[in-house]
A.B. asks: 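Could you have a look at this structure, given as structure tokens, before my questions?
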Amino acid sequence: MILLDGAMGTELERRGARMDAPLWSAHALLEAPDCICNIHLDYLRAGAQVITTNSFRTHAQNLAAAGPEMAVRADELTRKSVELAHEARRLYQQQCPDPVQVAGSISPLYDCFEPESSPPGQGAHGPHRVMAQSLVAAGCDLLLIETMSKIDEATAAVRAASGLGKPIWLAVVCDAAGNLLGGESLRTLIEACRQLPLAALLINCTDTEFLGQALPALKAATSDGPIRGLYPHTGRNDPNQFVTHAGDARWFAERVEACVAHDPGLQIVGSCCGSDPSWTAELARRLHPTARERNRGFDQLAAMR
Ligand SMILES: [Zn+2]
């Protein structure tokens with residue numbers, strides 16, 4: 001079992017960082033880098049084994065919305081997001097020698113909860129390739145393509161991340177029927193990924209109420225393919241509400257624990273929007289009750305290098 005970290009964007013907001021559109025979480029790379037580093041560090045101290053870069057809004061076209069002078073800073077800011085994760089790992093490992101992996105986050109080009117705005121065909125390949133190259137050049141350990149809701153953009157991103165020498169994880173948002181938010185099935189997604197080097201398929205930023213439908217579909221789709229995992233958000237399936245807690249950290253961890261008990265094949269677990277390091281700590285307490293359990297997760301991570 002590998003334990004992922006929790007939310008970055010909503011946690012930056014909770015800690016008072018500037019988060020207005022269009023830069024959203026990219027503001028903090030410019031104005032509050034210490035806050036980003038501290039969030040990574042707090043997730044590590046809570047038990048996370050993988051921390052995710054704050055590169056959610058550092059594609060050139062996201063930055064361009066803030067002006068042409070920002071668009072040319074895409075590579076610089078993406079690299080900065082990796083450097084801050086490295087700095088947190090360095091600080092953590094001064095106290096604890098446990099291995100830590102840095103996941104380079106590759107997010108949808110447009111709003112995560114508007115599948116209709118996702119570029120059709122392989123139109124997203126070029127921007128995702130630039131992002132993947134920046135993340136790898138800066139030294140991330142794996143590429144985490146996340147919060148995808150359409151097969152076209154997801155496969156374009158996986159292709160873009162291919163051939164760079166890093167494991168590729170893909171995380172998708174699901175709806176109440178257990179399909180991708182854009183309506184396509186997980187089975188169709190896996191078929192579209194069959195020739196692609198996908199190490200893991202996960203469900204993220206999804207209402208925990210929907211997992212009853214989504215997880216059996218994930219299990220069926222990955223029966224002979226990539227390893228599987230989940231990191232749901234903490235609220236309800238309304239973009240205005242998914243940071244509103246449907247329950248507390250204990251409630252959330254109980255739900256995730258029940259999912260893992262039902263399907264031991266779920267090997268990567270964490271939390272998405274709305275969570276904070278205390279939620280990660282609760283997951284760690286339940287999922288890694290002994291050092292031996294935790295070390296098994298480290299072994300899995302080492303095997304992916
Ligand atoms: Zn999320």
Side-chain angles (χ1 to χ4, degrees), residues 3-15 17 19 21-28 36 39-40 42-43 46 48 50-59 62 81 85 103-115 117-118 131 143-150 153-154 157 169-176 180-182 200-211 214-215 218 228-249 251-253 255-256 259 266 268-280 282-283:
L3 186 56
L4 292 177
D5 57 1
M8 174 58 75
T10 55
E11 183 62 2
L12 280 166
E13 194 163 34
R14 193 177 73 86
R15 297 188 188 202
M19 290 289 285
L23 292 185
W24 199 53
S25 58
H27 277 299
I36 296 170
I39 290 172
H40 287 315
D42 287 347
Y43 279 124
V50 178
I51 51 175
T52 309
T53 60
N54 181 40
S55 47
F56 197 74
R57 277 293 169 261
T58 62
H59 283 99
N62 299 138
S81 73
S105 170
I106 300 177
S107 66
L109 292 182
Y110 300 99
D111 194 293
C112 310
F113 291 89
E114 290 178 8
S117 66
S118 183
M131 169 66 74
L143 291 165
L144 175 57
I145 299 160
E146 55 181 347
T147 325
M148 291 286 162
S149 60
K150 293 285 283 185
E153 186 171 4
W169 297 4
L170 170 63
V172 297
V173 180
C174 288
D175 65 12
L180 270 66
L181 197 59
L201 179 63
L202 305 94
I203 292 168
N204 86 300
C205 216
T206 294
D207 188 329
T208 54
E209 291 287 327
F210 299 169
L211 294 176
L215 289 178
L218 179 70
R228 54 187 177 267
L230 78 161
Y231 53 111
H233 63 60
T234 67
R236 287 291 167 246
N237 190 50
D238 174 338
N240 297 314
Q241 287 191 23
F242 63 66
V243 297
T244 307
H245 295 167
D248 60 12
W251 163 89
F252 182 86
R255 290 195 158 209
V256 170
C259 293
L266 288 166
I268 305 171
V269 162
S271 56
C272 205
C273 299
S275 63
D276 65 39
S278 71
W279 295 54
T280 306
E282 186 66 23
L283 285 173

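As the structure lists them, so they are numbered: ligands from 1, and atoms in each ligand from 1. Along the sequence shown, residues carry numbers from 1.
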A.B. asks: Can you check the angle at the Zn ion (ligand 1) formed by SG of Cys273 and SG of Cys272? Round it to the nearest 10°.
C.D. replies: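 Result: 130°, to 10°.
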
A.B. asks: Side chain to side chain contact (heavy atoms under 4.5 Å, CB included) with Tyr110: which residues, sequence neighbours excluded?
C.D. replies: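 Counting only residues at least two positions away or on another chain, Tyr110 forms a side chain to side chain contact (heavy atoms under 4.5 Å, CB included) with Gln61, Ser117, Pro119.
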
A.B. asks: Could you tell me whether the side chain of Ser107 and the main chain of Phe56 form a donor-acceptor pair under 3.5 Å?
C.D. replies: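 Yes, because the side chain of Ser107 sits within donor-acceptor range (under 3.5 Å) of the backbone of Phe56.
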
A.B. asks: With the side chain counted from C-beta on, respond yes when Val256 and Trp279 share a heavy-atom pair under 4.5 Å apart, and no when they do not.
C.D. replies: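 Contact flag for Val256/Trp279 side chains = no.
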
A.B. asks: Is His233 close enough to the Zn ion (ligand 1) that one of its N, O or S atoms comes in under 2.8 Å?
C.D. replies: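 Coordinating: no.
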
A.B. asks: Please identify each residue that fulfils side chain to side chain contact (heavy atoms under 4.5 Å, CB included) with Ala103, with sequence neighbours left out.
C.D. replies: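 For Ala103, the residues satisfying side chain to side chain contact (heavy atoms under 4.5 Å, CB included) (neighbours in sequence not counted) are Val50, Thr52, Leu142, Leu144.
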
A.B. asks: Check whether any N, O or S atom of Cys205, backbone or side chain, sits closer than 2.8 Å to the Zn ion (ligand 1).
C.D. replies: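 Short answer: yes, at least one N, O or S atom is under the cut-off.
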
